[in-house]
Protein chains: 2
Amino acid sequence: MPAAEQTVLPQPSRAEIRIEQVLQALGDPVRLTLVRALATGPAVGIACGAVPLPVTKSTRTHHLRILREAGVITMRTEGTRRIAVLRRDDLDALYPGLLDGVLGAPH
Amino acid sequence: MPAAEQTVLPQPSRAEIRIEQVLQALGDPVRLTLVRALATGPAVGIACGAVPLPVTKSTRTHHLRILREAGVITMRTEGTRRIAVLRRDDLDALYPGLLDGVLGAPH
DNA sequence: ACCGTTCTACGATGCTCGTCGAACTTCGAC
DNA sequence: GTCGAAGTTCGACGAGCATCGTAGAACGGT
């Protein structure tokens with residue numbers, strides 16, 4: 001079949017994003033590592049499995065779901081891979097300065 | 001007796017503040033309410049008990065401890081009252097924009 | 001000195017969260 | 001078609017957290 005692979009996983013719209021969920025999502029070491037990797041990587045997003053993490057695959061999936069449902073990242077399916085992208089536009093519009101403040105913190 | 005009441009409760013120094021702890025501390029609805037009240041109130045700080053919260057006093061004490069140990073607030077004893085102050089200077093210096101982003105979020 | 005106010009400390013309980021292993025699905029390559 | 005790689009889902013377990021009630025300490029006023 002031609003075309004079509006635009007499988008974007010369900011996520012909250014910009015208006016549905018809650019500050020408490022975002023903060024709680026960012027408050028975990030594993031998820032913060034993930035977000036930092038997404039922020040410093042290419043803007044088109046990176047494959048989830050490409051980020052080295054000291055956890056198993058299922059735990060990684062769990063954390064990615066938390067980040068997605070909180071509105072921090074977008075995920076789309078591309079073949080057998082999942083590509084994650086940081087929703088920098090939405091976060092900057094809702095909470096200007098927050099993301100930069102978090103990312104600028106000492107690693 | 002003259003002077004002396006400078007009883008400041010133990011708290012992390014600016015260098016000891018961890019971004020993960022700060023985010024996790026701010027990620028709770030009760031604590032976020034507390035921080036918002038401290039931010040909009042007088043700069044000298046307000047009494048802990050003055051903020052209306054849907055929890056008991058012991059729970060309130062617990063949340064204040066979390067905020068203090070994360071480095072978000074300072075607490076000093078003043079007679080029979082505990083005065084809480086937001087550590088805006090330290091937070092702004094460490095994570096510029098973060099606090100404003102959080103406080104600017106829709107209530 | 002006594003009492004009321006204000007808050008902390010101590011247990012105790014229920015629940016959520018982070019973690020894992022195993023089984024299942026889907027896709028790409030041979 | 002068959003195999004392997006990439007991720008998801010499910011159930012389970014342990015740790016930590018939020019909550020509460022009660023008891024106790026420190027201070028101010030009468």
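Side chains included, hydrogens not; waters and symmetry mates left out as well; all remaining heavy atoms used. This one's a predicted model, so the numbers in the text were calculated from it and none came from an experiment. Chain letters run A, B, ... following the sequence lines, proteins first, then strands; residues in each count from 1.
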Quick one: B:L53 CG to C:dC7 C1', roughly how many Å, whole number?
-> 14 Å
Quick one: which protein N/O atoms are closer than 3.5 Å to N/O atoms of nucleotides 6-9 of chain D? Pair and distance per line, please.
from	atom 1	to	atom 2	distance (Å)
D:dA6	O4'	A:T80	OG1	3.1
D:dG7	N7	A:K57	NZ	3.2
D:dT8	OP1	A:R82	NH1	2.7
D:dT8	OP2	A:T61	OG1	2.5
D:dT9	OP2	A:R65	NH2	2.7

Do A:V35 and A:L64 share a hydrophobic cluster (ILVMFWY, side-chain heavy atoms under 4.5 Å, transitive)?
-> yes
Roughly, in whole Å, what's the span from CG in B:D28 to P in C:dT16?
-> 14 Å
Mind calculating the distance between CD (A:Q24) and P (C:dT16) to the nearest angstrom?
-> 12 Å
What's the shortest heavy-atom distance between A:V22 and A:A70, and which atoms?
-> CG2-O, 3.6 Å
Closest approach of A:V72 and A:A25, non-hydrogen atoms and distance?
-> CG2-CB, 4.5 Å
Spacing between B:E20 atom CD and C:dG18 atom C1', to the nearest angstrom = 14 Å
Can A:T77 and A:R82 be counted as having a side-chain donor-acceptor contact under 3.5 angstrom?
-> yes
Taking OP1 and OP2 of D:dA18, is either one under 4.0 Å from a side-chain nitrogen or oxygen of B:T59?
-> no
Using side-chain contact (heavy atoms from CB on, under 4.5 Å) as the criterion, list what pairs up with B:Q11, not counting sequence neighbours.
-> B:V8, B:R68, B:T74, B:R87
Report the distance from atom CG of B:L32 to atom C1' of D:dA18, rounded to the nearest whole Å.
-> 16 Å
OP1 or OP2 of D:dC17 less than 4.0 angstrom from a side-chain nitrogen or oxygen of B:H63, does that happen here?
-> no
Could you state the CD1-P distance from B:I66 to C:dA9, rounded to the nearest angstrom?
-> 13 Å
Is it the case that one hydrophobic cluster holds both B:I66 and B:V85, taking links as side-chain heavy atoms less than 4.5 Å apart, direct or via other members?
-> no
